[in-house]
Amino acid sequence: MIINRQIFLPIILAIFFVSCSQNIANNNYENYQNKINGVVLIDDVYSNYPAQMFTPNAIFDTKLDIEKVQQTNKIVERILNSSSEWRYTPYRLGGTNKNKGADCSFFTQEIYKQVYGFNLSRSTKEQRLGGKKVSKSKLKAGDLVFFRTDGPFGLHVGIYLENNNFIHLSSKGGTRIQSLNVRYWNTRYLDARRYINAK
C-alpha cells in the first residue's frame, strides 16, 4: 500500500504540534503549582491554558505581585478554601446552584455564609447598599468590591483578599483571582463595602 506523502506529512506534523503544546502547558502548570500553593492568579493569557489550571493551586497572572501572595492571612485562607468548591461552577445570571450555575452575588452570599456565618442580601445591588463604605486604600480581606460592567444590570461583585487581589465568580465560569491593578478592573471599580470587622 502506497501512502500519499502530501496527506501523511501534514497529519504527522499536526499530531506533533498538539502533543508539544500540551506538554508545554502541563510543564508550565507543574512549575507554577510548585512555586506557590493556595492561590489562583489569572491574567489575559488564561485562555491559552486548560481549564484544570484554574484551581487554587495554579498561578497564571504576571501582573500580580507573586511574592506578596505567599503570606496569606487566615481570613484569606478560609475564603480560598470555601471558594475552591466553586472553581468549575458555570456562570448563570440569577442562578443559585453551585453545580448547575450561579451568579456573582450568589457566590459572595454563599462564601459569607460559610466563612462568617453571615447572611448577605441576594442581589449585587442590595449587597452594595448594605455594610459600611470603605475607601479603596483601606480595603481588608473579606470586603466586597463592586464594579461597573456591561451586563444586564451593570454591576459585578467580588471579595477582596489582599495586596489588591480579589476573588469572584467570573462571567466566563468558575472562580477567578484577579488584580485591581489590571486596567480592566481598575477602570470599572466603583466602591467597596465592609460587613465584617476583618483583620
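Count residues from 1 along the sequence.
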Taking the inter-plane angle between the rings of Phe118 and Tyr112 on a 0 to 90° scale, is it parallel (under 30°), tilted (30 to 60°) or perpendicular (over 60°)? perpendicular

What is the distance from atom OG1 of Thr108 to atom NZ of Lys113, rounded to the nearest 0.5 Å? 11.0 Å

Closest non-hydrogen contact found for Thr175 with Leu169 is N-CD1, 4.1 Å

Near-ring test Phe166/Phe147, centroid separation under 6.0 angstrom: yes

Does Arg194 use its side chain to pair, donor to acceptor, with the backbone of Gly142 at less than 3.5 Å? no

Spell out, as yes or no, whether a donor-acceptor pair under 3.5 Å connects the side chain of Thr89 to the backbone of Lys98. yes

Do Arg188 and Tyr184 meet the cation-pi criteria used here (NZ or CZ under 6.0 Å from the six-membered ring centre, within 45° of the axis)? yes

Listed by chain and number, what are the salt bridge (Lys or Arg N to Asp or Glu O under 4.0 Å) partners of Arg122, not counting sequence neighbours? Asp103

Working to the nearest 0.5 angstrom, can you tell me the gap between Cys104 SG and Gln127 CD? 7.5 Å

Separation of Lys133 NZ from Asp143 CG (nearest 0.5 Å): 13.5 Å

Leu190 side, atom CG; Arg128 side, atom CZ - distance, nearest 0.5 Å: 4.5 Å

From the options Ile196, Thr124, Leu120, Asp191, select the one residue that forms a side chain to side chain contact (heavy atoms under 4.5 Å, CB included) with Leu144. Leu120

Only one of Phe106, Trp185, Tyr160, Phe107 passes ring pair (Phe, Tyr, Trp, His ring centres under 6.0 Å) with His168, and that residue is Trp185

Point-to-point distance, once rounded to the nearest 0.5 Å, from CG of Leu129 to OG of Ser123: 8.0 Å

Output yes when a side-chain donor or acceptor of Ser82 lies under 3.5 Å from a complementary backbone atom of Ile79, and no otherwise. no

Strictly distance-based, threshold 3.5 Å: is any side-chain N or O of Glu162 a donor or acceptor partner for the main-chain N or O of Ala141? no

Is there a donor-acceptor pair closer than 3.5 Å between any side-chain N or O of Arg78 and the backbone N or O of Ile75? no

Using 0.5 Å steps for rounding, measure from the CD atom of Glu110 to the CG atom of Asn119. 9.0 Å

When you look at Arg193 and Val157, which way does the side chain to side chain contact (heavy atoms under 4.5 Å, CB included) test go after all the steps? CA-CA 10 Å; Arg193 295 281 169 173; Val157 62; over 6 Å; no

Lys132: which residues meet the salt bridge (Lys or Arg N to Asp or Glu O under 4.0 Å) condition with it, sequence neighbours left out? none

